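Quick notes on the structure that follows.
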Amino acid sequence: MAFGFYIGVTLLLSVLATAKCDYIPDGVLHMECRDRYFMIAVDLSFTGDEPHFEAVDRTGAYPVTEQYAVKCGYSVSVLPQPGHVELRASYFSCHTDNKDDEVFTFNFNLLATHEGQKATYSLNKTCSPSLPWSPREVTCEVNYMEVSVRSEVTCPTGTKKDDWNTLKPAHSSTTSDWQVMFQRAEEQLPPMNLSEARKQGNVFDLTDGRLVFRTPYGQPDSFSTTVNGVPVEVVHATLFSRQSWVVLMIDLVAACSTHEGTYNDSGYVVLDTPEALYPGLVSTHVNIGLNGELMEQAAAEERGYIMEKHNSTVHISIPYNAEGGYRKSFVTGDLHEFYVFNLYLEQILVDEDHAETRVRFHRSLATPLLPRLVFTENRTVFEEHMFTVYLGDVPEDVELVAVQLNGHECTLPLTNTSTYTISKVVQPNNTHGYTLKVPFDDPVVIQQFSKEDAAMQHQLNINYTLTVQPENEPYYHLTSVMALTDVSPPTFDAVCSETGISFRLDHRPFDYLWDISIGSDPLTSELAAQHGYIMSNDSQSLLLKVPLFTQGYEYKDFTLKGFSGTFEILVRDHETSEVQISAVKTCPFTTNELIVCSPDGRMTVVADLSLAIPSGGIPARANLIDKYCGPKEADSTRALFSFPLNSCGSIVKLNKENVTYQNEIFYSKKFLNKKAVSDNTMERVTIQCTYPLARLYRLFSVYRFESDAAGIGRIIHTTQSTEGLPSIEPTAAVKTTPATKRPTRGPVMMRPAFHPPARYVRVSKVNHLPWGIKGAERSSQSKVNAALI
Ligand SMILES: *[C@@H]1O[C@H](CO)[C@@H](O)[C@H](O)[C@H]1NC(C)=O
Ligand SMILES: *[C@@H]1O[C@H](CO)[C@@H](O)[C@H](O)[C@H]1NC(C)=O
Ligand SMILES: *[C@@H]1O[C@H](CO)[C@@H](O)[C@H](O)[C@H]1NC(C)=O
Ligand SMILES: *[C@@H]1O[C@H](CO)[C@@H](O)[C@H](O)[C@H]1NC(C)=O
Ligand SMILES: *[C@@H]1O[C@H](CO)[C@@H](O)[C@H](O)[C@H]1NC(C)=O
Ligand SMILES: *[C@@H]1O[C@H](CO)[C@@H](O)[C@H](O)[C@H]1NC(C)=O
Ligand SMILES: *[C@@H]1O[C@H](CO)[C@@H](O)[C@H](O)[C@H]1NC(C)=O
Ligand SMILES: *[C@@H]1O[C@H](CO)[C@@H](O)[C@H](O)[C@H]1NC(C)=O
Ligand SMILES: *[C@@H]1O[C@H](CO)[C@@H](O)[C@H](O)[C@H]1NC(C)=O
Ligand SMILES: *[C@@H]1O[C@H](CO)[C@@H](O)[C@H](O)[C@H]1NC(C)=O
């Protein structure tokens, strides 16, 4: 009948279990029979936030609440590190099926919220602990003290089993005459009956061969004391029963160190426990371990644990970073961390008769919050022209999620289009780091001129956003890096116009480091005025317009269509005056007439000959004083001549300041017909280059013309009579100044070749020779030339 009932319940339970049909995947659940307890660990990721257990036996399922756990020998802890919920059940826990203190069957329900659904999973396991029970076993659990003693020892033969049965809660008898007497230090409390003692939270139980007593910490019947300076909680119950003339007494003592652990600066957590917890006993072994597993002394030492005895106290030191400990990052203002150790300790003590007492001790020790420092290191290699910043010692459970670069937020991962990069570096010591690279000239970098250093300062303020996982709690780490780079000299923008070249320079705060010059002369408003440049300068920018033919131009590529003019502005170091950079601009120009007297002694002329050639004549047939010197190029009105100053029959005139080379463009008479000859208002075209003597080099020592400046050229158009050759008495000459248009022809006989400005110059008295030079005079003139060149 009873058998049938049990089968029925078992079937019902298994039907219920299968009906729930909840299945725990592999790797999530871990059940293990340990020496002195049974353990279930389930991943929190599977169970959700609030997993619960129910202890199950034939009579039903009993929720393992905090109170119930203390009473019944369970302890449940949620361990965020390593992320599981753990249940430990004493082999003498309430709902465990105990066969002869050898085979123990545990049944539990796990109630969890999985994927938003409440689910129940039934778990069972049968354990046969291999370690034999010592005569006395003490367990100092985190939430209760439990002591079991071999009943045969305390109950010599003759004690009837039935008497003990009265202690079993299931069969508790109100008529039991067993009394309990608690002892607190030296004080003996009045005896009470068992039901009275149970009301105070004490549990007495009788198994096949052992008497079990379990009590929570801090009961009124227990007491705290110190042993060798170590705090200890002791509960001392004496059970007695008068059976006719025999008094049976059983002493049940549990003493547990309540030392909270100390933490020292070298990174050790130290736990003290008295060597002799029980008066009269001698400690023979102390074994330690973490997470419920004891290890050999050698293994413990290998992991850096230190066990020392001083003054009958065992000091157990565990390094913070010991394997098996858990660390967790935590943000409170700064980044902190703490370590949690689920310490497990075994002490074996013996009495005179070598009767063993085995004490097992569980204690979760959490270190205080310790500052956890991440660091940044400037690993910039200047030559790479980019910042390299390493953020290091980032703990495993902390991640970089974003960086703010000078206030610009960038979340990770960065897109590969960004100019900066962040790469993760994993270190072997369970830390990792991040390498950030940002080019100096990236738009996010603040660039500022530093007067002090006379250099460009690149500044990068970094605000790292790190989050502690899994809570996602943010922590900010700030750093700032700076680099100085040399500043570049100013660069001008230049544009061509018809009349010249315009240069523009936008001022920068550090431009005072350079001087601007035209050739060797610093650019000042005086120089600009003197040379005819148009300069405007305000706080924003400098604008310099350089009209064509002003000083400083170089001309090339002369054709009738035009020529190119080049103007150069030099940028010199303010200190050394060395040229750092120059702004050179070459522009194409067109002009009707032009004369260029180059520093190396070449005269290049484009002259309008329309009034100098009789009708029917063509400029291509014009020539210079030396009739073999013809134009290089000609069109219907103009001709281009280019020749060394002292050739082609040039006349040299010398005064105390200047040397002038003069020539003239002729139209040979043989091309003239009679009609044309009768035209007596033909124009004479005189061309001349004047060089100040002071600027000539070696004119008299070597046969080479060399001037440090271009000469001043003139094309002088004068009217002449074709009858006879009067001495030249030009009334007007025109300096080479730019002209884009030929002035309108009119009655003006001496018209400027270029405009503006027209400059009227009187030709010096030296110039009294007739243009048609006769033999002797000519040869003497040639001598002068020879002497000069
Ligand atoms: C114990 O659990 C196993 C699965 O782990 C199951 O097959 C068995 O039926 C369970 N036993 C009881 C009595 O619930
Ligand atoms: C135990 O003691 C209490 C108070 O001393 C008394 O009320 C109670 O009846 C006793 N119980 C038994 C079973 O003797
Ligand atoms: C911290 O404890 C360890 C182990 O007991 C010891 O070796 C170390 O000297 C202690 N350090 C300090 C600063 O007390
Ligand atoms: C041992 O303890 C006694 C008393 O508590 C104390 O006086 C003595 O200094 C201690 N010795 C050591 C080595 O700690
Ligand atoms: C990133 O680079 C890969 C190849 O290197 C390219 O295929 C991908 O389109 C890029 N993504 C972005 C967002 O630029
Ligand atoms: C971890 O290793 C790296 C690289 O060896 C080292 O720079 C860092 O200081 C180490 N951090 C810690 C906390 O030991
Ligand atoms: C760093 O960034 C965070 C998040 O953007 C911000 O709240 C914080 O004020 C920043 N810190 C500084 C000093 O700029
Ligand atoms: C960082 O490194 C660069 C290159 O070595 C150096 O110029 C700079 O002064 C360093 N310090 C800071 C604070 O940026
Ligand atoms: C132009 O003006 C700036 C200040 O506005 C001055 O520093 C600079 O010397 C001036 N440059 C010239 C060429 O006058
Ligand atoms: C020399 O030439 C310059 C420029 O053409 C002129 O100003 C100066 O008067 C000339 N000197 C003499 C003595 O003719």
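In listed order, ligands and their atoms are each counted from 1. As the structure is a computational prediction, the values presented were derived from the model and not from experiment. All values below were derived from every heavy atom in this structure, side-chain atoms included, with hydrogens, water molecules and symmetry-related copies excluded. Nothing fancy with the numbering, it's 1 onward along the sequence.
Of the protein's heavy atoms, Gln404 NE2, 2.7 Å lies nearest to atom 5 (O) of ligand 7. Asp393 OD1, 2.6 Å is the protein heavy atom nearest to atom 11 (N) of ligand 6. Of all protein heavy atoms, the one lying nearest to atom 4 (C) of ligand 6 is Gln427 OE1, 3.4 Å. The nearest protein atom to atom 3 (C) of ligand 8, hydrogens excluded, is given as Asn378 ND2, 3.6 Å; this is a heavy-atom distance.
Contact annotation for atom 7 (O) of ligand 6: protein absent (non-hydrogen atoms, distance under 4.0 Å).
Between Ser480 and ligand 8, no pair of N/O atoms sits closer than 3.5 Å. An N or O contact shorter than 3.5 Å links Met482 to ligand 8 by distance.
Residue Glu308 qualifies as enclosed at atom CD: its count of foreign heavy atoms under 6.0 Å is above 12. Within 6.0 Å of NE2 on His574 lie no more than 12 heavy atoms contributed by other residues, nucleotides or ligands.
Of all the heavy atoms of Thr465, none lies under 4.0 Å from any atom of ligand 7, so neither backbone nor side chain is involved.
Side chains of Asn342 and Asn291: a donor-acceptor N/O pair is present below 3.5 angstrom, by distance only.
When each atom of ligand 7 is checked for a heavy atom of Leu478 under 4.0 Å away, the hits are 13 (C). Heavy-atom contacts of Glu409 reach the following atoms of ligand 7: 5 (O) (cutoff under 4.0 Å). Close approach of ligand 7 to Asn463 is summarised as follows: ligand atoms under 4.0 Å from at least one heavy atom of the residue are 1 (C), 2 (O), 3 (C), 8 (C), 10 (C), 11 (N), 12 (C), 14 (O). The contact set between ligand 8 and Thr380, taken as ligand atoms under 4.0 Å from a residue heavy atom, comprises 2 (O), 3 (C), 4 (C), 5 (O).
When ring centroids are compared, Phe46 and Tyr121 come within the 6.0 Å threshold.
Contact of the Met39 side chain with the Glu32 side chain is registered, since non-hydrogen atoms from C-beta on lie closer than 4.5 Å.
In this structure, the separation between CD on Glu396 and OG on Ser329 is 9.0 Å, given to the nearest 0.5 Å. Between the CD atom of Gln297 and the CD atom of Glu302 there is a distance of 13.0 Å, given to the nearest 0.5 Å. Interatomic distance, NZ of Lys328 versus CZ of Arg372, reported as 12.5 Å (0.5 Å rounding).
The heavy atom nearest to atom 14 (O) of ligand 6, out of those in Thr431, Val425, Asn429, is found in Asn429.
By the 30° and 60° cut-offs, the orientation of the rings of Tyr533 relative to Phe567 is perpendicular.
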